[in-house]
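Have a look at the structure below before the remarks.
We count ligands from 1, going down the list as the structure has it; atoms in each ligand are counted the same way.
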Amino acid sequence: MKRYDEEDIYCRMLGHAVNFQYCRTTADGSPCRKIMDCWFERLPIEAYMKEHFSPDQLKILFKQPESKVTSILDLIEKARKRTDEP
Ligand code: SF4
């Protein structure tokens, strides 16, 4: 798992260089959601991720965040249901 840890890359989110160890663990121990985008030209990142994470873990890691529109529509629907309740 640590084979690429010393590889460095410029992180566009943080604005400075980080190593692969940071990208695969970040602050909470899980890989950064951008790891595939950032590393695909430098490492066999897809094979690496499949080697170290189960399909279910990968699905959770790379689940698309809910759009703001969907969130707002959900909030409106919940508010409507609350006002319809007796
Ligand atoms: S994977 Fe995440 S932490 Fe690593 S360089 Fe890309 S954006 Fe930065």
Side-chain angles (χ1 to χ4, degrees):
M1 188 163 224
K2 297 178 177 181
R3 99 185 92 149
Y4 303 120
D5 278 0
E6 300 307 315
E7 298 285 333
D8 288 329
I9 195 168
Y10 179 78
C11 175
R12 287 170 287 162
M13 284 195 328
L14 299 174
H16 59 79
V18 294
N19 61 24
F20 185 72
Q21 181 184 15
Y22 178 81
C23 298
R24 72 173 177 80
T25 58
T26 63
D28 67 356
S30 59
C32 175
R33 298 170 61 91
K34 297 278 189 191
I35 198 166
M36 304 288 269
D37 295 336
C38 293
W39 287 95
F40 78 96
E41 290 179 325
R42 307 261 314 270
L43 305 174
I45 190 65
E46 190 174 339
Y48 176 91
M49 295 303 285
K50 285 180 178 170
E51 185 182 337
H52 296 289
F53 297 93
S54 72
D56 285 345
Q57 287 174 311
L58 293 175
K59 201 183 293 181
I60 292 167
L61 280 172
F62 299 114
K63 184 178 154 206
Q64 292 298 315
E66 198 172 88
S67 79
K68 286 184 180 174
V69 172
T70 304
S71 301
I72 291 168
L73 291 175
D74 285 348
L75 289 174
I76 292 170
E77 185 60 29
K78 284 177 188 168
R80 185 180 303 145
K81 282 180 183 170
R82 257 186 265 138
T83 55
D84 288 347
E85 290 174 2

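- C23 SG, 2.2 Å is the protein heavy atom nearest to atom 4 (Fe) of ligand 1.
- Looking only at heavy atoms of the protein, atom 8 (Fe) of ligand 1 is closest to C11 SG, 2.3 Å.
- Scanning all protein heavy atoms for the shortest distance to atom 2 (Fe) of ligand 1 gives C32 SG, 2.3 Å.
- Among L43, V18, I45, the single residue meeting the side-chain contact (heavy atoms from CB on, under 4.5 Å) criterion with C23 is V18.
- Counting backbone and side-chain atoms alike, C38 contributes an N/O/S atom closer than 2.8 Å to atom 6 (Fe) of ligand 1.
- Heavy-atom proximity to I35, at under 4.0 Å, picks out these atoms of ligand 1: 1 (S).
- Of all heavy-atom pairs spanning P44 and Y4, the tightest one is CG-OH, 3.4 Å.
- Annotation: F62 is not in aromatic contact with F53 [ring centroid separation under 6.0 Å not met].
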**Request:** Assess whether side-chain contact (heavy atoms from CB on, under 4.5 Å) is satisfied between M1 and Y48, documenting all intermediate values.
**Result:** CA-CA 8 Å; M1 188 163 224; Y48 176 91; 3.3 Å; yes
**Asked** Taking it one step at a time, do E46 and M36 satisfy side-chain contact (heavy atoms from CB on, under 4.5 Å)?
**Response** CA-CA 7 Å; E46 190 174 339; M36 304 288 269; 3.9 Å; yes
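- Counted by atom type alone, D56 and S54 present zero donor-acceptor pairs between their side chains at under 3.5 Å.
- Counting the atoms of ligand 1 from 1 in the order shown, those under 4.0 Å from a heavy atom of Y22 are 3 (S).
- Those atoms of ligand 1 with a heavy atom of I9 less than 4.0 angstrom away are 5 (S).
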